[in-house]
Amino acid sequence: MLEMNQLKPHLASFYQLPTLELAKRLLGSILIKETAEGTAAGLIVETEAYMGTIDQAAHSFNHKRTNRTEIMFGPPGYAYTYQMHTHCLFNVVSGPVEQPEAVLIRAVEPVFNTPLIEERRSKIKKVVDRTNGPGKLTKALGITMGDYGHELTSAPLLIAKGLNDQPEISTGPRIGIPNAGEATNYPWRFWITGNAYVSKMR
DNA sequence: GTCGAGATCCTC
DNA sequence: AGGATCTCGACG
């Protein structure tokens with residue numbers, strides 16, 4: 001079993017990587033959330049890059065700056081959470097100040113405190129279906145809108161370096177953005193090749 | 001397994 | 001009013 005003290009949080013400098021590079025480097029990293037119920041963690045297995053001003057699918061397209069997107073205009077390495085229907089989605093802010101980019105975390109594989117994850121997701125029968133989507137993993141790990149703006153280098157919400165080598169990565173178009181014009185087909189979705197927890201396309 | 005609809009809430 | 005989604009129930 002994975003022990004928390006084995007893990008080294010990514011430093012603030014890690015998040016200065018170009019967004020498309022960061023989206024790939026986050027694969028195999030470990031997303032950790034501490035709550036009153038306990039600490040749970042998942043291996044990041046799927047990400048999507050949102051490229052700010054030039055990306056019609058991004059909330060910050062055309063420099064759209066609102067209360068919601070404000071955090072994307074700041075320095076990288078902070079949590080951008082937002083509400084999607086009945087769910088909270090979690091992004092890692094990327095890109096330098098005034099360059100509003102982010103990486104959406106789409107799926108994780110449970111690696112620590114799986115009993116807590118199972119308890120939070122007990123209604124879902126198949127184990128993989130508990131964390132294989134952006135709204136599912138936030139519920140499984142206990143990430144909420146209260147995490148908006150938190151810096152990801154420390155508790156209660158942080159990302160640590162993975163224990164294994166950089167995994168083999170597959171690439172394809174992003175999911176769920178049919179009305180983004182040209183950007184709909186940009187290959188800015190990344191996942192660990194063959195991983196069972198990658199979200200399903202419908 | 002695949003499909004369609006409703007949930008339900010924050011943001012603009 | 002609309003959405004970077006999820007779940008359940010109805011098929012077959």
Side-chain angles (χ1 to χ4, degrees), chain A residues 19-20 22-24 26-27 31 33 40 42 44-74 76 78-95 99-110 117-150 152 157 159 170-192 196-202:
Chain A
T19 296
L20 292 173
L22 182 66
K24 289 182 262 190
L26 282 170
L27 295 174
L31 177 60
K33 176 67 199 274
I44 298 173
V45 302
E46 182 182 6
T47 60
E48 279 179 2
Y50 285 85
M51 299 297 284
T53 60
I54 62 162
D55 178 4
Q56 211 174 136
H59 295 152
S60 52
F61 176 59
N62 209 16
H63 266 86
K64 187 176 181 186
R65 190 165 188 158
T66 64
N67 282 340
R68 181 174 71 157
T69 63
E70 184 61 31
I71 194 69
M72 296 176 76
F73 288 79
Y78 288 75
Y80 170 41
T81 50
Y82 90 98
Q83 191 79 22
M84 177 55 171
H85 291 266
T86 54
H87 308 280
C88 172
L89 273 60
F90 169 68
N91 298 250
V92 176
V93 172
S94 59
Q99 197 168 306
E101 300 174 353
V103 177
L104 171 68
I105 308 303
R106 283 198 60 89
V108 304
E109 174 179 340
I117 291 174
E118 284 166 19
E119 182 187 326
R120 285 169 170 154
R121 302 285 292 146
S122 57
K123 282 184 184 172
I124 308 302
K125 290 171 189 159
K126 279 190 70 182
V127 172
V128 292
D129 290 335
R130 293 171 175 166
T131 58
N132 65 351
K136 299 178 184 180
L137 72 93
T138 54
K139 201 166 188 192
L141 296 180
I143 296 171
T144 68
M145 289 301 293
D147 291 307
Y148 182 95
H150 177 75
L152 299 169
L157 177 60
I159 301 176
S170 297
T171 300
R174 295 172 293 179
I175 293 178
I177 49 163
N179 302 316
E182 291 268 316
T184 298
N185 300 311
Y186 293 170
W188 288 346
R189 172 174 172 250
F190 308 97
W191 65 94
I192 295 179
Y197 291 83
V198 173
S199 70
K200 304 204 167 52
M201 266 186 285
R202 194 135 105 187

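Every chain is numbered from 1, with letters handed out A, B, ... down the list of sequences. Just so it is clear, the structure is predicted and the values come from calculations on it, not from any experiment.
For the side chain to side chain contact (heavy atoms under 4.5 Å, CB included) criterion with V103(A), the lone passing option out of V93(A), N91(A), L26(A) is L26(A).
No contact: R189(A) has no heavy atom under 4.0 Å from any strand. When heavy atoms are screened at a 4.0 angstrom cut-off, N67(A) is found touching the sugar-phosphate backbone but no base atom.
Here the side chain of R68(A) is nearest to one of dT11(B), dC9(B), dT5(C), namely dT11(B). In this structure, the nucleotide among dT11(B), dT7(C), dA4(C) sitting nearest to the side chain of I124(A) is dT7(C). Distances from the side chain of I177(A) to the nucleotides dC6(C), dT7(C), dA4(C) place dA4(C) closest. When distances are taken from the side chain of Y80(A) to each of dC10(B), dA4(C), dT7(C), the shortest belongs to dA4(C).
With hydrogens and angles disregarded, no donor-acceptor distance shorter than 3.5 Å links the side chain of R174(A) to the backbone of R189(A). Panel note: side chain Y148(A), backbone R68(A); a donor-acceptor pair is recorded below 3.5 Å. No donor-acceptor pair under 3.5 Å is formed between the side chain of R121(A) and the backbone N or O of K139(A). S60(A) places no side-chain N or O within 3.5 Å of a backbone atom of E101(A) that could act as its donor or acceptor partner. Looking at T131(A), its side chain never comes within 3.5 Å of a backbone N or O of L137(A) through a donor-acceptor pair. Using modelled atom types, no side-chain atom of T171(A) and backbone atom of F190(A) make a donor-acceptor pair closer than 3.5 Å. Panel note: side chain K33(A), backbone G142(A); a donor-acceptor pair is recorded below 3.5 Å.
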Nucleic acid footprint by protein, nucleotides 3-8 of chain B - heavy-atom cut-off 4.0 Å, B for base, S for sugar-phosphate alone: BBB-BB
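The CG atom of L89(A) sits 14 Å away from the C1' atom of dT11(B) (whole-angstrom rounding). The NZ atom of K136(A) sits 18 Å away from the P atom of dA4(C) (whole-angstrom rounding). Distance NZ (K64(A)) to C1' (dG3(C)): 11 Å, rounded to an integer number of Å. Following rounding to the nearest Å, N132(A) (CG) and dT5(C) (P) show an atom-to-atom distance of 13 Å. As rounded to whole Å, 13 Å separates atom P of dT11(B) from atom CD1 of I71(A). Taking atom CE of residue M145(A) and atom P of nucleotide dA4(C), one finds them 14 Å apart after rounding to whole Å. Between the CZ atom of F61(A) and the P atom of dG3(C) there is a distance of 15 Å, given to the nearest Å. Taking atom NE2 of residue H59(A) and atom P of nucleotide dC10(B), one finds them 15 Å apart after rounding to whole Å.
Each of R121(A) and G176(A) was assigned the nucleotide of DNA chain C with the nearest heavy atom; the assignment lying further toward the 5' end belongs to G176(A).
A donor atom on one side chain and an acceptor atom on the other are found under 3.5 Å apart for E46(A) and S199(A).
At dT5(C), one or more side-chain N or O atoms of R106(A) fall inside 4.0 Å of OP1 or OP2 (strictly under the cut-off).
Checked against the 6.0 Å centroid criterion, the rings of H59(A) and Y82(A) qualify as a close aromatic pair.
Where stacking is scored as ring centres under 5.5 Å apart with planes under 30°, Y82(A) does not register as stacked on the base of dA4(C).
Scanning DNA chain C for stems, defined as runs of 3 or more consecutive Watson-Crick or G-U wobble pairs whose donor-acceptor distances all fall under 3.5 Å, gives the following ranges: B:1-7 with C:5-11, B:9-11 with C:1-3.
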